[in-house]
Amino acid sequence: MSTRSLNLDDTLYDYLLAHSLREHPEQAALRAATRGHPHAGMQISPEQGQFMALLVKLLGARQTIEIGVFTGYSALSVALALPADGRILACDISAEYTRIGRPYWERADVAHKIDLRLAPALETLDAELAAGAAGRYDFAFIDADKTGYADYYERCLQLLRPGGLIAIDNVLWSGAVARPAQDDDTRALQALNERLHGDERIDLSMLPVSDGLTLARKR
C-alpha cells in the first residue's frame, strides 16, 4: 500500500493513458494541433480533461463556466460530457488562440454548446451576476491569469448553485508554491491556496493531478 501519491515516470504515465484515456477523435486531433504551439504548455493534460468530464457527468451539470480557453481542449472535453441542452460560458481574451479550437468543436458537433465570450473574464462574470444568474451554474473551471484567480473564484462561487463545483488549475505551479515566492503568479497562487483552505463556504480537495487541481464544492 502507498501512503502518498505516486510519482509518474514516462513508462507509468504511458500505461495510465493506455488503460484509462478515452478520447473523441477531435480531442486527439486538437491536442496534436496544439502540441507545436509556442504556448503548448498552457493546455491541460488529456487525463485531466477526462477527469473533469467525469465530474461534469457525476454532477449532472448543464450550465458551466470556463475561464481561460486557450485552443479549446478543456472546453471540448466538457462540452462532450454535457447533455444536448448543456452550455459552457467560455471566457477568454484571445481570438487568435480560441480560433484554433473552433473547427474541432464544429466537427465534434458541440460548438453550439460553447458560448465563447472574448472579453476580460471579470466583465463577463459580472454581467452574468447583474443579469440575475447567481446560483444558476453547476460547474466552473478556472485556468487563466494566476493573479486574477482570487477574483474569478469569488465570482464563480456566487454563480454556482449549492453543491456546484469549482475546479482550479495550476495550484501546485510546478512545486513553486511550496517555496518562497519569486514572482507575482506564485504569490497569488499561494495566497489563494491559503484562502481556500480556511474557506468555510466550500468543501475542499487539492489533488496532485497534472500541475495541481483544486476542487471546491459550494456548500
Answer whether the closest heavy-atom distance between the side chains of I67 and F141 falls below 4.5 Å.
-> no
Side chain to side chain, E26 and R107, heavy atoms closer than 4.5 Å | yes
Going by atom types only, do S20 and Q50 share a side-chain donor-acceptor pair under 3.5 Å?
-> yes
Just by distance, do the side chain of D138 and the backbone of Q63 share a donor-acceptor pair under 3.5 Å?
-> yes
salt_bridge(E200, R219) N-O dist < 4.0 Å = yes
Tell me the ring pair (Phe, Tyr, Trp, His ring centres under 6.0 Å) pairs involving residues 192-219, sequence neighbours left out?
-> none
Pairwise side-chain contact, P180 with Q182, heavy-atom cut-off 4.5 Å (strictly under) | yes
Using distance alone, with no hydrogens and no angle criterion, decide if D199 and Y153 have a side-chain donor and acceptor under 3.5 Å apart.
-> yes
By the rule that ILVMFWY residues connect when side-chain heavy atoms come within less than 4.5 angstrom, directly or transitively, which residues belong alongside L54?
-> L58
Carefully, step by step, assess L21 and L16 under the rule side-chain contact (heavy atoms from CB on, under 4.5 Å).
-> CA-CA 8 Å; L21 187 62; L16 181 153; over 6 Å; no
Would a distance-only check, ignoring hydrogens and angles, find a side-chain to backbone donor-acceptor pair under 3.5 Å from T64 to R87?
-> yes
Side chains of Q158 and L125: closer than 4.5 Å at any heavy-atom pair?
-> no
Among pairs that include at least one residue of residues 4-28, which meet ring pair (Phe, Tyr, Trp, His ring centres under 6.0 Å), considering only residues two or more places apart or in two chains?
-> Y15-H19
Any chance CD1 of I93 has more than 12 other-residue heavy atoms, nucleotides or ligands included, within less than 6.0 Å?
-> no
Cluster check L30, L82: I/L/V/M/F/W/Y, side chain < 4.5 angstrom = yes
Is there a side-chain contact between Y73 and P46 (heavy atoms, below 4.5 Å)?
-> yes
Could you walk me through whether E47 and L17 pass side-chain contact (heavy atoms from CB on, under 4.5 Å), step by step?
-> CA-CA 7 Å; E47 68 273 17; L17 295 183; 3.6 Å; yes
Under a 4.5 Å side-chain heavy-atom rule over Ile, Leu, Val, Met, Phe, Trp and Tyr, are L165 and L80 clustered together?
-> yes
Distance (rounded to the nearest 0.5 Å) between I142 CD1 and D169 CG | 10.5 Å
Salt-bridge contact R155-D126 (side-chain N to carboxylate O under 4.0 Å) = yes
Under a 4.5 Å side-chain heavy-atom rule over Ile, Leu, Val, Met, Phe, Trp and Tyr, are L189 and L204 clustered together?
-> yes
Does atom CD of E154 have more than 12 heavy-atom neighbours from other groups under 6.0 Å away?
-> yes
State which residues pass side-chain contact (heavy atoms from CB on, under 4.5 Å) with D14; sequence neighbours excluded, sorted by chain then number.
-> none
Side chain to side chain, L196 and R201, heavy atoms closer than 4.5 Å = no
Apply salt bridge (Lys or Arg N to Asp or Glu O under 4.0 Å) to the pair R117 and E123, showing each step before the final yes or no.
-> CA-CA 10 Å; R117 307 280 184 90; E123 291 183 9; over 6 Å; no
Do other residues, nucleotides or ligands put more than 12 heavy atoms under 6.0 Å from D9 CG?
-> yes
Taking atom types as modelled and ignoring hydrogens, do the side chains of E128 and Y137 form a donor-acceptor contact shorter than 3.5 angstrom?
-> yes
Apart from Y97 itself, residues in the same hydrophobic cluster as defined by side-chain heavy atoms under 4.5 Å | M42, F70
Answer yes if L55 and M206 sit in the same cluster of Ile, Leu, Val, Met, Phe, Trp and Tyr residues linked by side chain heavy atoms under 4.5 Å apart, and no otherwise.
-> no
Considering only heavy atoms from C-beta outward, does the side chain of L157 approach that of I166 to under 4.5 Å?
-> yes
What about V56 and L76, same hydrophobic cluster or not, with Ile/Leu/Val/Met/Phe/Trp/Tyr joined at side-chain heavy-atom distances under 4.5 Å?
-> yes
Let me check something: any side-chain donor-acceptor pairs from residues 208-217 under 3.5 Å, sequence neighbours excluded? List them with distances.
unit_1 : atom_1 : unit_2 : atom_2 : d
S210   : OG     : S45    : OG     : 2.5
S210   : OG     : Q48    : OE1    : 3.3
D211   : OD1    : W173   : N      : 3.4
D211   : OD1    : S174   : N      : 2.6
D211   : OD2    : N170   : ND2    : 3.0
R217   : NH1    : D203   : OD2    : 2.9

